[in-house]
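So the structure is just underneath, and the comments pick up after that.
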Number of protein chains: 2
Amino acid sequence: MADPSPSVVRAGYPVSRQVLADHVYEALLEWLMDGRLEPGAAVSIDGMARELDVSPTPVREALARLEHTGMVRRVALKGYRVAPVFTREDFAELMEARLSIEPVNARLACSRMTPDGLEALKQAVEDLKTAPRGGTFAEYRSYLEADERFHQLIAAQANNQFLLAAYNTLGGQIQRFRLFGGVGITDAEQAIAEHQAVLEAITSGDPEKAAAMMVDHVEKVRGRAMADAPED
Amino acid sequence: MADPSPSVVRAGYPVSRQVLADHVYEALLEWLMDGRLEPGAAVSIDGMARELDVSPTPVREALARLEHTGMVRRVALKGYRVAPVFTREDFAELMEARLSIEPVNARLACSRMTPDGLEALKQAVEDLKTAPRGGTFAEYRSYLEADERFHQLIAAQANNQFLLAAYNTLGGQIQRFRLFGGVGITDAEQAIAEHQAVLEAITSGDPEKAAAMMVDHVEKVRGRAMADAPED
DNA sequence: CGTCGTGCGTTCCTATAGGATTTGGACATG
DNA sequence: CATGTCCAAATCCTATAGGAACGCACGACG
């Protein structure tokens with residue numbers, strides 16, 4: 001059976017109570033983002049349960065929730081697999097979707113930005129600048145995290161729960177692509193400058209310019225990735 | 001225990017094999033759409049299991065999948081509840097989100113429409129025209145279904161898996177609003193004309209006009225619903 | 001009469017057991 | 001060698017049991 005002294009029974013109240021399935025969910029998400037679970041690999045329910053030292057029930061629940069993120073796919077009676085690597089086609093579709101949603105987010109966020117939000121946004125860009133950009137994944141990590149955080153913050157500041165939900169369906173895929181799309185961070189300086197441009201447009205309170213800068217950024221991301229041209 | 005002669009053991013192969021959790025998922029979805037589960041009501045796992053004559057395990061999995069649709073909300077250790085009724089604010093946000101996504105879908109669908117897709121779209125509009133529009137819900141039903149199908153088809157024909165996923169995060173909410181937003185189908189004739197206009201723009205192969213007609217449609221939907229002005 | 005404590009029922013959550021299904025390989029056959 | 005069959009292990013799927021927390025009614029007490 002599982003370890004009878006679970007780590008959740010700390011003294012006092014946990015700030016927000018969580019159940020095992022939540023922990024499993026986050027563990028799996030982290031493994032997926034870390035690349036510890038490679039695209040196409042099978043994710044066995046029983047196997048994960050053994051690995052995490054819990055029963056299959058919470059694993060099953062966590063995977064059911066993960067399915068909608070697109071990170072894993074399920075086939076009835078056959079189990080879950082990590083979503084396959086991005087094809088060139090997938091990537092083009094993803095960028096098309098981003099071009100539809102993110103500029104709108106930027107425009108709205110510009111009008112509705114709170115002081116705290118603006119501060120967080122500046123911090124994200126700052127983190128992008130200072131993040132190490134070595135060759136190993138551990139060094140990528142904080143850079144990628146700051147990148148995702150920047151876009152996520154803008155979506156959140158648009159202050160529209162549905163647009164935020166729509167962005168989040170993309171966000172996970174974007175992050176997944178950053179990891180497995182084949183491109184490293186070849187042109188970090190340019191990318192940072194583009195983020196900076198979006199930030200400045202927002203700071204200056206010009207919604208149309210913010211949207212335009214976001215279009216510019218996403219298009220250039222697409223351009224750089226396409227140029228690097230993975231195999232097919 | 002559950003009925004030992006499940007209805008799934010038909011002779012021959014089911015086209016696509018399903019497991020109990022899938023049936024539970026669809027049953028719950030139908031109940032939510034039918035209004036049999038009212039907004040704010042608790043959805044007990046054990047209770048649903050008894051009602052559907054299955055064990056709690058598949059119900060738990062189905063609810064986990066339903067959560068991301070926004071139809072139900074979960075609080076750890078407290079269970080699931082049907083999402084509360086739309087506020088005026090929620091509605092405004094939903095329409096803003098639709099205005100960001102659906103015109104893009106219409107523009108792309110116009111360029112990429114397949115003959116079969118166009119046929120299905122025409123059928124949806126036809127169904128809208130012929131659907132009964134009585135006062136009881138049973139008569140609403142086919143009208144609402146055709147309405148949702150029209151928009152869903154356009155999203156699908158945009159031929160972009162991510163935009164489709166993004167739309168689907170809205171689609172359920174839109175359908176839910178149609179049921180619980182407080183407005184009946186007061187101006188069906190106008191709504192049908194607007195759908196017809198979108199269809200004609202697509203048929204004529206004019207992407208910009210298709211997008212414009214979709215903007216027009218959604219804005220007028222918003223206008224009609226806002227005019228009806230529910231309590232708040 | 002109002003307040004507090006206690007007990008019971010309900011519900012969520014996790015673990016476990018066992019049936020059903022798939023998969024992979026050994027083995028026999030054309 | 002290619003192909004089909006059969007078996008065993010792994011896996012998925014569902015049911016069931018029981019612990020823990022929560023809500024609520026009921027009764028005791030100030």
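Both backbone and side-chain heavy atoms feed into the values below; hydrogens, waters and symmetry mates do not.
Spacing between atom CG of Asp53(A) and atom C1' of dT16(C) amounts to 14 Å, rounded to whole angstrom units. Rounding to whole angstrom units, CD of residue Glu61(B) and P of dC13(C) are separated by 15 Å. With rounding to whole Å, Met48(B) atom CE is found 18 Å from dT14(D) atom P.
Here Leu20(B) pairs with Val54(B), Pro58(B) under the side-chain contact (heavy atoms from CB on, under 4.5 Å) rule; sequence neighbours left out.
Between Arg222(B) and Glu96(B) there is no salt bridge, since none of the side-chain N atoms of the basic residue sits less than 4.0 Å from a carboxylate O of the acidic one. Taking the charged nitrogens against the carboxylate oxygens, Arg176(B) and Asp90(B) have no contact shorter than 4.0 Å, which rules out a salt bridge.
The phosphate of dA15(C) has OP1 or OP2 within less than 4.0 Å of a side-chain N or O from Ser55(A).
The closest side-chain donor-acceptor pair between His195(B) and Asp147(B) falls under 3.5 angstrom. A donor-acceptor contact closer than 3.5 angstrom is absent between the side chains of Arg149(B) and Gln152(B).
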Do Met95(B) and Val218(B) pass the side-chain contact (heavy atoms from CB on, under 4.5 Å) test, and can you show the C-alpha distance, the side-chain angles, and the key distance before you say yes or no? CA-CA 7 Å; Met95(B) 290 302 140; Val218(B) 175; 4.1 Å; yes
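Distances were taken from every side-chain heavy atom of Pro56(B) (C-beta onward) to each of dT16(C), dT16(D), dT14(C); the shortest belongs to dT16(D).
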I'd like a list of close polar pairs between nucleotides 6-12 of chain D and the protein, N/O only, cut-off under 3.5 Å.
residue : atom : partner  : partner atom : Å
dT11(D) : OP2  : Arg50(A) : NH2          : 3.3
dC12(D) : OP1  : Ile45(A) : N            : 3.1
dC12(D) : OP2  : Ile45(A) : N            : 3.0
dC12(D) : OP2  : Asp46(A) : N            : 3.3

